[in-house]
**Q** 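Take this structure, written in structure tokens, and hold onto it; I'll ask about it next.
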Amino acid sequence: RHDAPSHVERTFNEDLQIPFEEIEALFTQLISSNEVKQVAAIIRERLGRDLRPYDIWYDGFKSRSTISEDYLTAQTQQRYPNAKAFERDMPRMLMDLGFAPEKAKEVASHIVVEAARGSGHARPCVGREQPARLRTRISEKGMDYKGYNIAVHEFGHNVEEVISLYDMDYYTLAGIPNTGFTEASAFLFQERDLELLGERLEAKGESIFDMIWGMYEIMGVSLVDMRMWQWLYANPNATAADLREAVLAIAAEVWNAYYAPILGEKDSPLLGIYSHMVGYALYLPAYPIGNLVQYQLEEHLAKCATPEEWAKEYTRIYQQGCLTPNAWMRGAVGNPMSVEPILKAVREQL
């Protein structure tokens, strides 16, 4: 195709509907921000030492970090000994989030839960004839907490997939702007996984730090993915060994620019760790796009006074259809997608 001759152009100009340069600018704005440096200083103080590269996965801001995973696994294995147990419980979970009983049953009726061979994923409806499919790992002992956490994430995908298809009156506009917007729905649900287990945690007021630190990591990984595919097109005769060396060099380049000043160790290859880069070409940028959308949705949905209002507003937002990203965001929250809302929230929390 002359108008989009490469996978890079097709991904950004058609699938994501956001140019490569705009996404790159969004990501670099956040990972080079003073707010990230200030959150890093908090982590350094808590750990009582200089940060190391692996601290990019620091997990101490999560409320669930105060709860034993063994305790949570005992609950999930008892509640979900198999896939069908999770499937039967989906209407209840939706009602707990505020969906009316009839709507909860209707949405859940279009979703089938199956045990995964891999880590888990969601498969959307193929037209209105086939169900959406939710897959997560389930051992002989039942679903452990990690499998449950993944399942709730995939459930968020499926709920979006059902609503944006079945509740869309103009069928050819069914769907969402891009995969980042279904990731946003998955993140919204995953954030509430303990709530759906009946756990009531005291808010630590640090979820915003957890969110920006997670974005700091995944945006760097996404930049490596993006630049790797640019390199591949510039080097069409590259061998597998050439690609490996290129990924290591690109990962080190991104690391040295945005991570070494905070996490140390020049030329660290950590950002090249994700197999997505080859197995799911250029999917990684959808995750931080989803994080940005999720935060703006969370900020908007926080204005809802009751769970019922939350569910109605969530449904309204995901009924908008496959618009351009900024048109969808303006319809959802009144503003285009931006890193500034989360940076502003971090500044206020600091």
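For this chain, numbers begin at 1 and follow the sequence in order. Worth saying up front: this structure is predicted, and the values here are computed from it rather than measured.
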**Q** For H110, what residues pass the ring-ring contact (aromatic ring centres under 6.0 Å, His included) criterion, not counting sequence neighbours?
**A** Y166
**Q** Quick check against the 3.5 Å criterion: does S185 have a side-chain atom that pairs as donor or acceptor with the backbone of G156?
**A** yes
**Q** Provide the closest heavy-atom pair for G147 versus D144 in the form atom of the first, atom of the second, distance.
**A** N-OD1, 2.7 Å
**Q** Regarding D70 and T73, do their side chains bring together a donor and an acceptor under 3.5 Å, going by distance alone?
**A** no
**Q** Would you mind reporting whether W229 and V224 have side-chain heavy atoms less than 4.5 Å apart?
**A** no
**Q** CD of E87 to CG of L134: how many Å apart, nearest 0.5 Å?
**A** 9.0 Å
**Q** Quick one, N34 and L343 - any side-chain contact, counting heavy atoms below 4.5 Å?
**A** no
**Q** Please report the closest heavy-atom contact between D225 and P285, naming both atoms and the distance.
**A** OD2-CD, 3.7 Å
**Q** With a cut-off of 3.5 Å and sequence neighbours excluded, list every side-chain donor-acceptor pair involving residues 261-270.
**A**
unit_1, atom_1, unit_2, atom_2, d
E265, OE1, R52, NH2, 3.1
D267, OD1, N256, ND2, 2.7
S268, OG, L270, N, 3.3

**Q** So do V346 and V36 actually touch side chain to side chain, heavy atoms under 4.5 Å?
**A** no
**Q** Can you pull out every salt bridge (Lys or Arg N to Asp or Glu O under 4.0 Å) where at least one residue sits in residues 24-37? Sequence neighbours excluded, please.
**A** E24-R227, E35-R347
**Q** I'd like to know if the side chain of D96 reaches the main chain of M93, judged simply by a donor and an acceptor atom lying under 3.5 Å from each other, with no hydrogens or angles considered.
**A** no
**Q** May I have the list of side-chain donor-acceptor pairs in residues 38-45 shorter than 3.5 Å, sequence neighbours left out?
**A**
none

**Q** Taking ring-ring contact (aromatic ring centres under 6.0 Å, His included) as the test, write out the residues that go with Y233, two or more places apart.
**A** none
**Q** Determine whether the side chains of N149 and Q190 contain a donor N or O and an acceptor N or O closer than 3.5 Å.
**A** yes
**Q** For R316, is the CZ atom crowded, meaning more than 12 foreign heavy atoms sit under 6.0 Å from it?
**A** yes
**Q** Stepwise, does the side chain to side chain contact (heavy atoms under 4.5 Å, CB included) test hold for E183 with V293?
**A** CA-CA 9 Å; E183 290 299 344; V293 174; over 6 Å; no
**Q** Strictly by ring pair (Phe, Tyr, Trp, His ring centres under 6.0 Å), give each pair with a member in residues 320-350 just once, sequence neighbours left out.
**A** F181-W328, Y318-W328
**Q** Would you say the side chain of S222 lies within less than 4.5 Å of the side chain of Y287, judging by non-hydrogen atoms?
**A** no
**Q** Identify whether the distance between the nearest side-chain nitrogen and carboxylate oxygen of E114 and R133 falls below 4.0 Å.
**A** yes
**Q** Just do the side chain to side chain contact (heavy atoms under 4.5 Å, CB included) check on L243 and L232 with the steps written out, would you?
**A** CA-CA 8 Å; L243 177 61; L232 267 176; 4.0 Å; yes
**Q** Could you please spell out the steps behind the side chain to side chain contact (heavy atoms under 4.5 Å, CB included) verdict for I23 and M226?
**A** CA-CA 10 Å; I23 290 181; M226 292 160 66; 4.1 Å; yes
**Q** Kindly check if the number of other-residue, nucleotide or ligand heavy atoms within 6.0 Å of CZ (R79) is above 12?
**A** yes
**Q** One pair to check against side chain to side chain contact (heavy atoms under 4.5 Å, CB included): Q319 and M168. What are the steps and the verdict?
**A** CA-CA 6 Å; Q319 283 175 331; M168 169 50 64; 5.6 Å; no
**Q** Return yes if a side-chain donor-acceptor contact under 3.5 Å exists between S275 and Y280, otherwise no.
**A** no
**Q** In chain order, what residues pass the side chain to side chain donor-acceptor pair (under 3.5 Å) check against E9, with sequence neighbours excluded?
**A** S6
**Q** Which atoms form the tightest heavy-atom contact between A186 and H153, and what is the distance?
**A** CB-O, 3.1 Å
**Q** Considering only heavy atoms from C-beta outward, does the side chain of I18 approach that of M337 to under 4.5 Å?
**A** yes
**Q** Specify the closest pair of heavy atoms between S338 and L292, including all atoms of both residues, with the distance to one decimal.
**A** O-CD2, 4.0 Å
**Q** Please check if the number of heavy atoms outside E245 that lie under 6.0 Å from its CD is greater than 12.
**A** yes
**Q** Sequence neighbours excluded and cut-off under 3.5 Å, please list the side-chain donor-acceptor pairs for residues 209-220, or say none.
**A**
unit_1, atom_1, unit_2, atom_2, d
D210, OD1, K62, NZ, 3.0
D210, OD2, K62, NZ, 3.3
W213, NE1, D55, O, 3.0
W213, NE1, I56, O, 3.4
Y216, OH, Y258, O, 2.8
E217, OE2, W57, NE1, 3.2
E217, OE2, Y274, OH, 2.7

**Q** Can you check whether D193 reaches F189 side chain to side chain, under 4.5 Å on heavy atoms?
**A** no
**Q** Could you measure the distance from the CG atom of N158 to the CZ atom of R135? Nearest 0.5 Å is fine.
**A** 10.0 Å
**Q** Output yes when E348 and K344 qualify as a salt bridge under the 4.0 Å nitrogen-oxygen rule, no when they do not.
**A** yes
**Q** Out of curiosity, W310 CH2 to T315 OG1, how far, rounded to the nearest 0.5 Å?
**A** 8.5 Å
**Q** With sequence neighbours left out, write down each residue that passes ring-ring contact (aromatic ring centres under 6.0 Å, His included) with F20, or none if nothing qualifies.
**A** F12
**Q** For the backbone of T136 and the side chain of E154, can you confirm whether one donor and one acceptor N or O come within less than 3.5 Å of each other?
**A** no
**Q** For K105, check side chain to side chain donor-acceptor pair (under 3.5 Å) against everything at least two apart and list the hits.
**A** none
**Q** Counting C-beta onward and ignoring hydrogens, is there a side-chain heavy-atom pair between F99 and Y314 closer than 4.5 Å?
**A** yes
**Q** Between D89 and K84, is there a side-chain N and carboxylate O pair less than 4.0 Å apart?
**A** no
**Q** For the pair T179 (side chain) and A286 (backbone), establish whether a donor and an acceptor sit closer than 3.5 Å, ignoring hydrogens and angles.
**A** no
**Q** Just checking Y58 against Y54, ring centres under 6.0 Å apart?
**A** no
**Q** Would you give the length of the straight line joining atom CG of L271 to atom CG of L223, rounded to the nearest 0.5 angstrom?
**A** 8.5 Å
**Q** So, using ring-ring contact (aromatic ring centres under 6.0 Å, His included) as the criterion, who are the partners of Y148 when residues are at least two apart?
**A** Y80
**Q** Would you mind checking if E298 and R192 are paired as a salt bridge, meaning a charged N to carboxylate O distance below 4.0 Å?
**A** yes
**Q** What's the spacing between M329 CE and L323 CG if we round to 0.5 Å?
**A** 12.0 Å
**Q** Would you say the side chain of K146 lies within less than 4.5 Å of the side chain of T76, judging by non-hydrogen atoms?
**A** no
**Q** Provide the closest heavy-atom pair for A151 versus M143 in the form atom of the first, atom of the second, distance.
**A** CB-SD, 4.2 Å
**Q** Roughly how far, to the nearest 0.5 Å, is the NE2 atom of H300 from the CG atom of L297?
**A** 8.0 Å
**Q** Of all heavy-atom pairs between E313 and C304, which one has the smallest distance, and what is that distance?
**A** CB-SG, 4.0 Å
**Q** Which residues satisfy the side chain to side chain donor-acceptor pair (under 3.5 Å) test with Y71, sequence neighbours excluded?
**A** Q75, E199
**Q** Do E160 and T182 have side-chain N/O donor and acceptor atoms under 3.5 Å apart?
**A** yes
